[in-house]
2 protein chains.
Amino acid sequence: MIYLALDMDLAATAYVILGLLSWRPMSGYDVKGLVDQSTRFFWAASYGQIYPELRRLSDAGLIEGEERPQGKRRRTVYSLTREGRARLREWLDAEPEVYELRDEGLLKLFFASASPATAASTLEAKRRAHEQTIERLREIEATGKPEGFALIVLRYGIEMNEWMADWCARAAADLDAPERAA
Amino acid sequence: MIYLALDMDLAATAYVILGLLSWRPMSGYDVKGLVDQSTRFFWAASYGQIYPELRRLSDAGLIEGEERPQGKRRRTVYSLTREGRARLREWLDAEPEVYELRDEGLLKLFFASASPATAASTLEAKRRAHEQTIERLREIEATGKPEGFALIVLRYGIEMNEWMADWCARAAADLDAPERAA
DNA sequence: ATAAACATGTAACATGTTACATGATTAT
DNA sequence: ATAATCATGTAACATGTTACATGTTTAT
């Protein structure tokens, strides 16, 4: 009897991997590529997390690797095990808990009284950043042709960034024409 | 001549401290209390960061601590030095760079095809979470009476969470009445 | 009396980024 | 030829959370 650490605590990043493998078997490199085209905007992951995590999930029996070299180039394609699929469903059924934001632009605006003249350029920079994100997301929409829930979440990303860019524009206008705003 | 590490690299969390001290001198405990009432929604900080950071900023000459015990209870009140104020302004003048989001609800929605029945409850849980945040922010607005940029940013928090709660409601409705939505 | 709030700090742990190291294959 | 992409991994570093440890003062 092989010991499988089925009860190990999984960090949310592990579920990014389980989730992507529920689409289709793939390599760590593929995982990174897909993350950068999708979850990155609300849950990023680097190689430094992905490869060690693949090892841990494999040791825990939640995924299985198969060697599929391309010529002399080694390649390990991972797929979900039955246990892995069960753990993914379990996680999907539970309430989401983590919500964290780190927005340096908002932080600068918050402290802008220490240098009021810079508030306008902070707002403009934040607006531009959101516009750029929108562009990248639209490109992904056009080239990646996501479907189903992936498309729904992509549209969330686009609309949220539109809202944020808009808010920055409105706030900048209010700075120009002070007080009369409610 | 005392060596001051004026050129040390500051993490954004250091600027949370410098920013709050630009309002008025205060203790580490005060900093934590204010962070929890304000920046926490877009830049959190724990005691485990704050106290060591106060030490580092003090060693670097950007802030100065003064002992102000209350009876036998020790208390160190920090204030910005001239250099500290200059560093804060410098940071405010530079473009914001960090924008990071970790939204477990969005992640679960993204992978909902592995358990479609749970998408609705994920949306509902995310909506509730945003509603709760709105409540807390409104309470802070009423009790804390923030002004100026702090008020502007607080309203951003309220409106952004309203947008997000709304989006969840709309997406849940679209799940019920599929396809006809564009 | 005792619970809550004030006050400071550390240690262990968890998470995550960046740079580095290495090499194969494919497209230009 | 050579640059881009495919492919896997590690080590050093940075950041951040949680639990623990300690003690005082104020409010109930």
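The figures here come from the full heavy-atom set of this structure, side chains too, leaving out hydrogens, waters and symmetry mates. The shown structure was predicted, so the numbers you read here are calculated from the model rather than taken from an experiment. Each chain gets a letter, A, B and so on, in the order its sequence line appears, and its residues count up from 1.
- A salt bridge links Glu53(B) with Arg56(B); the closest basic N to acidic carboxylate O contact falls under 4.0 Å.
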Can you give me the N/O atom pairs linking the protein to nucleotides 13-17 of chain C at distances under 3.5 Å, or say none if there are none?
residue	atom	partner	partner atom	Å
dG16(C)	OP1	Arg102(B)	NH1	2.4
dG16(C)	OP2	Thr13(A)	OG1	3.1
dG16(C)	OP2	Gln49(A)	NE2	2.8
dG16(C)	O5'	Gln49(A)	NE2	3.4
dT17(C)	OP2	Ser46(A)	OG	3.3
dT17(C)	OP2	Gln49(A)	OE1	2.7

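- Asp59(B) and Arg55(B) are not joined by a salt bridge, as no carboxylate oxygen comes within less than 4.0 angstrom of a charged side-chain nitrogen.
- Counting heavy atoms from C-beta outward, Arg75(A) and Asp30(A) have side chains that approach closer than 4.5 Å.
- Atom-to-atom, CZ of Arg68(A) to P of dT8(D) comes out at 12 Å; the value is rounded to the nearest Å.
- For Arg138(A), the side chain to side chain donor-acceptor pair (under 3.5 Å) test picks out Glu162(A), with sequence neighbours left out.
- In this pair, Tyr156(A) and Trp167(B) present their aromatic rings perpendicular. The plane angle is above 60°, beyond the 30 to 60° band.
- A residue-by-residue look at Gly71(A) and Thr76(B) shows that Thr76(B) has its nearest nucleotide of DNA chain C further toward the 5' end.
- Taking the six-membered ring for Trp and thresholds of 30 and 60 degrees, Tyr99(A) and His130(B) have ring planes more than 60 degrees apart, a perpendicular arrangement.
- Aromatic rings of Trp23(A) and Phe110(B) (six-membered ring for Trp) have centroids within the 6.0 Å cut-off, being under it.
- Between Glu97(A) atom CD and dT18(D) atom C1' there is a gap of 15 Å when expressed in whole angstrom units.
- Residues Tyr78(B) and Ile50(B) are members of one and the same hydrophobic cluster, defined by side-chain heavy-atom contacts under 4.5 angstrom among Ile, Leu, Val, Met, Phe, Trp and Tyr.
- Put simply, CD on Gln70(A) is 15 Å from C1' on dG23(C), counting in whole angstrom units.
- The side chain of Arg74(B) contributes no N or O atom lying less than 4.0 Å from OP1 or OP2 of dT8(C).
- Sorted by residue number, the list of members of residues 25-33 of chain A with any non-hydrogen atom under 4.0 Å from DNA chain C is empty.
- Put simply, CZ on Arg55(B) is 12 Å from P on dT8(C), counting in whole angstrom units.
- Of the residues Tyr15(A), Trp43(A), Trp91(A), the one that meets the side chain to side chain donor-acceptor pair (under 3.5 Å) test with Glu104(B) is Trp91(A).
- Taking the side chain of Arg75(B) as heavy atoms from C-beta on, and the options dA24(C), dT8(C), dT24(D), the nearest nucleotide is dT8(C).
- Between Arg73(B) atom CZ and dT24(D) atom P the separation is 10 Å, expressed in whole Å.
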